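Structure record follows, encoded as structure tokens.
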Amino acid sequence: MSGHRWAARAAAGAAAVALTVTGGTLAQADDDIDTLPAEEIAERARDALLDARSLHLSARGSVDGTGEEGSIDLTLDREGNCAGGVDMGDDGSVEIVKRGDDVWLKPDAAFWKNHVPIGGSTFDKILDGRYMKAGADDPRLLEVTEFCDLDTFRELMTDNAGNADFDGLTKGARTEVNGAPTVPVTRAEDGERLTVYVAAEGTPYPVRITVRGGGEEGTVDFSGFDRPVPTATPSADETVDITALLGRSIKPV
């Protein structure tokens with residue numbers, strides 16, 4: 001299971017709830033979100049998320065139907081910059097930094113063993129705990145670099161708009177997520193329950209999405225809206241430029 005596929009499925013699941021409504025009239029800014037119907041809350045959350053220039057995404061659980069656990073902790077923006085990591089449990093983990101035209105990756109030993117069984121241990125020894133650096137346009141790293149771009153998630157959300165379903169959307173009682181008041185909006189369908197928790201104060205961002213049932217169990221948290229991605233990149237002594245090494249026989253990471 002790739003971290004990119006896991007994250008993309010999580011984002012698509014979020015979109016399935018946040019984009020349940022694609023038409024209608026937006027509520028006025030001074031409306032109390034608690035008083036709005038579920039459809040209008042979902043629409044406001046959709047628009048707020050699509051307007052974000054950057055955000056922090058934290059996802060955990062199993063959201064691709066395999067039952068395998070994973071987690072993501074990543075700050076990303078529309079310019080394609082990102083910083084964070086993907087943990088695939090026993091399959092390994094990867095730290096990721098992307099800034100401008102460069103990307104730095106630090107896979108652990110378990111990642112090399114499970115994803116690059118032939119030659120992976122050699123690369124692990126060469127890196128010796130350092131980051132591997134390459135151009136962000138390297139085709140073998142596109143899954144990573146596209147995953148770092150907030151526009152990738154925005155496209156997933158807008159693509160889901162065509163699958164909007166007006167039925168089965170319900171609003172729950174106000175509750176707290178990470179100490180902040182939210183209003184949950186839920187869609188239950190085919191044994192799967194998707195819930196988006198929308199901020200009840202300030203901009204109505206979706207701050208948490210949960211997926212339950214249908215062989216999936218996952219939580220996606222959104223925070224740090226419009227805060228810049230950290231600009232720090234690994235130093236030269238922490239880095240091995242592996243552009244030449246990638247010319248050897250190695251499958252995409």
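Since the model is a prediction, treat every value here as computed from it, not as a measurement. Here, residue 1 is the first one in the sequence, and each next residue gets the next number.
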Would you call [X] and [Y] a side-chain contact if the rule is heavy atoms closer than 4.5 Å?
X      : Y      : result
Cys82  : Ile96  : yes
Leu76  : Asn81  : no
Ser58  : Asp73  : yes
Thr175 : Thr182 : yes
Trp104 : Arg99  : yes
Val207 : Asn178 : no
Thr233 : Tyr131 : no
Asp77  : Pro228 : no

Heavy-atom closest pair, residues [X] and [Y]:
X      : Y      : value
Asp90  : Ala110 : O-CB, 4.0 Å
Thr239 : Pro234 : OG1-CB, 3.6 Å
Lys98  : Ala136 : CE-CB, 3.5 Å
Leu169 : Ala42  : CD2-CB, 4.2 Å
Pro230 : Thr75  : CD-CG2, 4.1 Å
Pro206 : Ala45  : CD-O, 3.5 Å

### Query
Do other residues, nucleotides or ligands put more than 12 heavy atoms under 6.0 Å from the CZ atom of Arg78?
yes

Examine [X] and [Y] and state if one hydrophobic cluster contains both, with Ile, Leu, Val, Met, Phe, Trp and Tyr joined whenever side-chain heavy atoms are less than 4.5 Å apart.
X      : Y      : result
Met88  : Met132 : yes
Leu49  : Val229 : no
Val240 : Val97  : no

### Task
Test side-chain contact (heavy atoms from CB on, under 4.5 Å) on Thr210 and Tyr197 and set out the steps.
CA-CA 9 Å; Thr210 60; Tyr197 295 83; 4.0 Å; yes

### Task
Report the relative orientation of the aromatic rings in His115 and Phe111; use parallel for angles under 30°, tilted for 30 to 60°, perpendicular for over 60°.
parallel

Please round to the nearest 0.5 Å and tell me the distance separating atom [atom1] of [X] and atom [atom2] of [Y].
X      : Y      : atom1 : atom2 : result
Phe123 : Ile242 : CZ    : CD1   : 8.0 Å
Leu74  : Leu150 : CG    : CG    : 10.0 Å
Lys133 : Leu105 : NZ    : CG    : 12.5 Å
Leu57  : Leu55  : CG    : CG    : 6.5 Å
Lys171 : Glu39  : NZ    : CD    : 10.0 Å
Trp112 : Ile126 : CH2   : CD1   : 9.0 Å

Carboxylate-amine/guanidinium contact [X] [Y], below 4.0 Å:
X      : Y      : value
Glu79  : Arg53  : yes
Arg174 : Asp34  : yes
Glu217 : Arg212 : yes

### Query
Is a donor on one side and an acceptor on the other found under 3.5 Å between the side chain of Glu40 and the backbone of Pro37?
no

### Query
Is Ser54 reaching over with its side chain to a backbone N or O of Arg227, donor-acceptor style, under 3.5 angstrom?
yes

## Note on the structure
salt bridge (Lys or Arg N to Asp or Glu O under 4.0 Å) filter on Arg208, not counting sequence neighbours, yields Asp221

### Message
Please tell me whether Asp87 and Ser71 have a donor and an acceptor in their side chains that are separated by less than 3.5 angstrom.
### Response
no

### Distance-only polar pair, side chains of Ser223 and His56, donor-acceptor under 3.5 Å
no

#### Entry: Set of residues satisfying side chain to side chain contact (heavy atoms under 4.5 Å, CB included) with respect to Thr203, sequence neighbours excluded
Ala48, Tyr205

### Task
Quickly, which of Val196, Thr195, Thr170, Leu194 forms a side-chain contact (heavy atoms from CB on, under 4.5 Å) with Arg187? Name it, please.
Leu194

